[in-house]
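The structure appears below as structure tokens.
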Amino acid sequence: MSDKITYLTAAIDYANGPPHMGHAIEKIGVDVMARYCRLRGEDVYLLLGMDEHGLKVMQSAESVGISPQEFVDDIANTFQTTWTELGISNDDFIRTTQSRHRIAVEEMISRMQAAGDIYRGKYSGYYCVGCEAFKRDDELVRDGDIVRCPLHPSRDAQWTEEENWFFRLSRYQQQLLDLFDARPDFLQPDSRRNEVRNVIEAGLEDISVSRARLPWGIPWPGDTDHTVYVWIDALTNYLSAVGFPDDSYLRYWPADVHVIGKDITRFHCVYWPAMLMSAGVELPRTVWAHGFVAIDGMKISKSEGVTLELSDVVQRHGVDAFRYYMLRDVPWNGDGVFSLDRFDERYNAELANNLGNLANRAISMIERYREGVVPAGSSAEMDGVLAASIAKYRAAMDANLLHQGIGAAIELASLGNGYVETRAPWKAAKDPSQAGHLDETLNALARCVAMLAVMLEPFMPMKMSSLRAGLGVGASEGLG
């Protein structure tokens, strides 16, 4: 019997500033996926981390007068503290400055060299410090003599000419097309897959995989004048975190899902699989590319000055409410807009007046009428409602449509409140001959609230754990 673990990853965050809501929605989303898999009984390993090398980090450290290592140590601590406060249940936090990571990067390069896919050549082109990437002409915007990357419009792209190490990406064009034909689920959702396939079909060029005279990074094996290019360095984290190149990594690998932002699909779905093919390592099963969260129509980006303090938003209604709202209003398969007004509306209408009201009514009536003990009873009506709601929830969550999973749960809460009004247990409590009717109603309500606690636990783990405890529902009781 295989002891393969369900291995989920988020993109490692770049260490050039504190976490914001754009970071938070990805980590909350992948945490919800992990917690849902655990409800299904899976043994889950969730990885987060920091991307700590590159020119942008070095410049940020210099601007505040400290060493790059001191700078990234501080940033990494801030990120880890934030994820703990947001209830993220990661099992590891990989940092690209760790020795375990350097060993894995050196092994990847060694294998790619052995395959004949690494060579020296001269590169000239524009480099976007914001993306830490060289850009083709069709990825740039020109305004006279000013050349910029559209993802970082406040930064001028830098013309760079240097001799680098290159990876023969062009050699893998057909294999990548074959991958997308054979495994249409490799990149989800479908709209992202079509975008990346178009990039591959347009033709792939070999890519520079080192930087000359950049002191902050992993030295290129055998050539200390070069450092490993940030995208080989960063992508290898998914292997280094689970023990590669030691065979123990196979307990986790291949990764089941890489969760990333839609702006880095090329790196994860073109460069990364090609590098793995070159190194003789099995490919991940799926890459899930979520969209962006925006404020007033602008993508959240610290470098572009579009921010909303994460701590202020979380404190508005608490951690669980924030987690709920982010995945309620921002679809996991598309873009969304954050609004404080909408946050307030969702909190009041759905969490307080709908879910909270149902839970309070059910628990208080069980305490008042049955001394806190859920009575025996059965309700064919509620059985049908629960079965339909669970099926709808499962279908959404299995498809990673997390916002629809929340919708199914809140719909069940509305049905539960309607059930209370129809059954009017306060009337039955006044008539001893209606004791059976009352028991049936209270039992049905308890089961409804208990199932809501299970369904919403991935989204609101702290509050739903308390609700489970109030109903006497164990943490091991899932969706069964």
Side-chain angles (χ1 to χ4, degrees), residues 53-56 105 108-142 147-152 155-181 186-187 192-214 217 220 223 225-236 258 260-281 283-284 287 289:
H53 290 136
L55 179 60
K56 189 161 53 173
V105 169
M108 280 291 290
I109 292 172
S110 175
R111 294 188 183 195
M112 292 160 68
Q113 287 176 325
D117 289 333
I118 301 293
Y119 66 93
R120 291 193 73 135
K122 187 172 183 179
Y123 186 87
S124 60
Y126 284 100
Y127 187 82
C128 174
V129 176
C131 292
E132 289 282 8
F134 290 103
K135 296 291 183 174
R136 302 191 314 268
D137 284 346
D138 62 357
E139 297 176 297
L140 298 166
V141 175
R142 296 177 183 270
V147 180
R148 289 176 175 164
C149 165
L151 294 176
H152 298 90
R155 296 173 178 262
D156 291 353
Q158 301 176 359
W159 180 260
T160 304
E161 295 184 11
E162 60 186 34
E163 186 175 90
N164 289 335
W165 291 96
F166 281 74
F167 171 57
R168 297 186 194 277
L169 180 64
S170 58
R171 176 181 286 182
Y172 292 91
Q173 179 167 336
Q174 188 57 52
Q175 290 186 52
L176 289 168
L177 289 173
D178 292 343
L179 166 66
F180 278 79
D181 287 339
F186 177 73
L187 174 57
R192 311 285 181 237
R193 183 176 67 252
N194 297 335
E195 293 169 0
V196 172
R197 186 182 177 90
N198 289 339
V199 169
I200 300 170
E201 289 177 338
L204 299 178
E205 299 176 354
D206 295 349
I207 57 173
S208 170
V209 290
S210 74
R211 292 300 312 276
R213 299 174 298 280
L214 177 63
W220 188 271
D223 184 358
D225 290 335
H226 284 75
T227 56
V228 178
Y229 177 53
V230 66
W231 279 107
I232 287 188
D233 179 355
L235 288 163
T236 302
H258 289 324
I260 62 168
K262 67 177 182 179
D263 55 333
I264 53 175
T265 52
R266 175 176 300 184
F267 302 106
H268 283 78
C269 302
V270 180
Y271 298 177
W272 182 228
M275 292 173 189
L276 291 172
M277 291 173 184
S278 176
V281 177
L283 305 189
V287 176

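In this structure, the salt bridge (Lys or Arg N to Asp or Glu O under 4.0 Å) partners of D156, at least two apart in sequence or on a different chain, are R148. Considering only residues two or more places apart in sequence or on other chains, E162 meets the side-chain hydrogen bond (donor to acceptor under 3.5 Å, both in side chains) condition with N164, R211. In this view, E163 and R120 satisfy the side-chain hydrogen bond (donor to acceptor under 3.5 Å, both in side chains) rule, not counting sequence neighbours. D178 meets the salt bridge (Lys or Arg N to Asp or Glu O under 4.0 Å) test with no other residue; sequence neighbours excluded. Applying the side-chain hydrogen bond (donor to acceptor under 3.5 Å, both in side chains) test to E205 and every residue at least two apart in sequence or in another chain returns nothing. Considering only residues two or more places apart in sequence or on other chains, W165 meets the side-chain hydrogen bond (donor to acceptor under 3.5 Å, both in side chains) condition with D223. Listed by chain and residue number, R192 satisfy the side chain to side chain contact (heavy atoms under 4.5 Å, CB included) test with E195 (two or more places apart in sequence, or in another chain). Applying the salt bridge (Lys or Arg N to Asp or Glu O under 4.0 Å) rule to R213 yields no partners; only residues at least two apart in sequence or on another chain are considered. Scanning for side chain to side chain contact (heavy atoms under 4.5 Å, CB included) contacts around A274 gives F167, L169, Y172, L176, with sequence neighbours left out. Scanning for side chain to side chain contact (heavy atoms under 4.5 Å, CB included) contacts around R171 gives D117, R168, with sequence neighbours left out.
A pairwise comparison of heavy atoms in W220 and Q113 identifies NE1-NE2, 3.7 Å as the closest pair. In plain terms, the two heavy atoms of P284 and W272 that are nearest each other are CG-NE1, 4.1 Å. Scanning all heavy atoms of the two residues, the minimum distance from D233 to V228 falls at N-CG1, 4.0 Å. Contact detail for D206 and S170: the closest heavy-atom pair is OD1-OG, 2.6 Å. When all heavy atoms of G203 and Q173 are compared, the closest pair comes out as CA-OE1, 3.5 Å. Of all the heavy atoms in A115 and S278, the pair that sits closest is CB-O, 3.5 Å.
To the nearest 0.5 angstrom, L283 atom CG is 13.0 Å from M275 atom CE. A distance of 10.0 Å separates CZ of R155 from SG of C149, quoted to the nearest 0.5 Å. To the nearest 0.5 Å, the span separating NE2 on H53 from OH on Y229 amounts to 15.0 Å. The CE atom of M108 lies 7.5 Å from the CD1 atom of I232; values are rounded to the nearest 0.5 Å. Expressed to the nearest 0.5 Å, how far OG1 of T236 lies from CD1 of I109 amounts to 7.5 Å. Between atom CD of residue E139 and atom CG of residue L151 there is a gap of 9.0 Å, rounded to the nearest 0.5 Å.
Checked against V270 for a side-chain contact (heavy atoms from CB on, under 4.5 Å), the options L187, I207, L204 give a single hit: L204.
For the pair R197 and D181, the minimum side-chain heavy-atom distance is below 4.5 Å. By the 4.5 Å heavy-atom criterion applied to side chains, R111 and V281 are counted as neighbours. Residues V196 and R266 have side chains not in contact (no heavy-atom distance under 4.5 Å, counting atoms from C-beta outward).
By the 30° and 60° cut-offs, the orientation of the rings of F166 relative to Y119 is parallel.
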Open item on the list: Under the criterion side-chain contact (heavy atoms from CB on, under 4.5 Å), I'd like the reasoning laid out for Q175 against I200: C-alpha separation, chi angles, the key distance, then a yes or no.
Closed with: CA-CA 10 Å; Q175 290 186 52; I200 300 170; over 6 Å; no

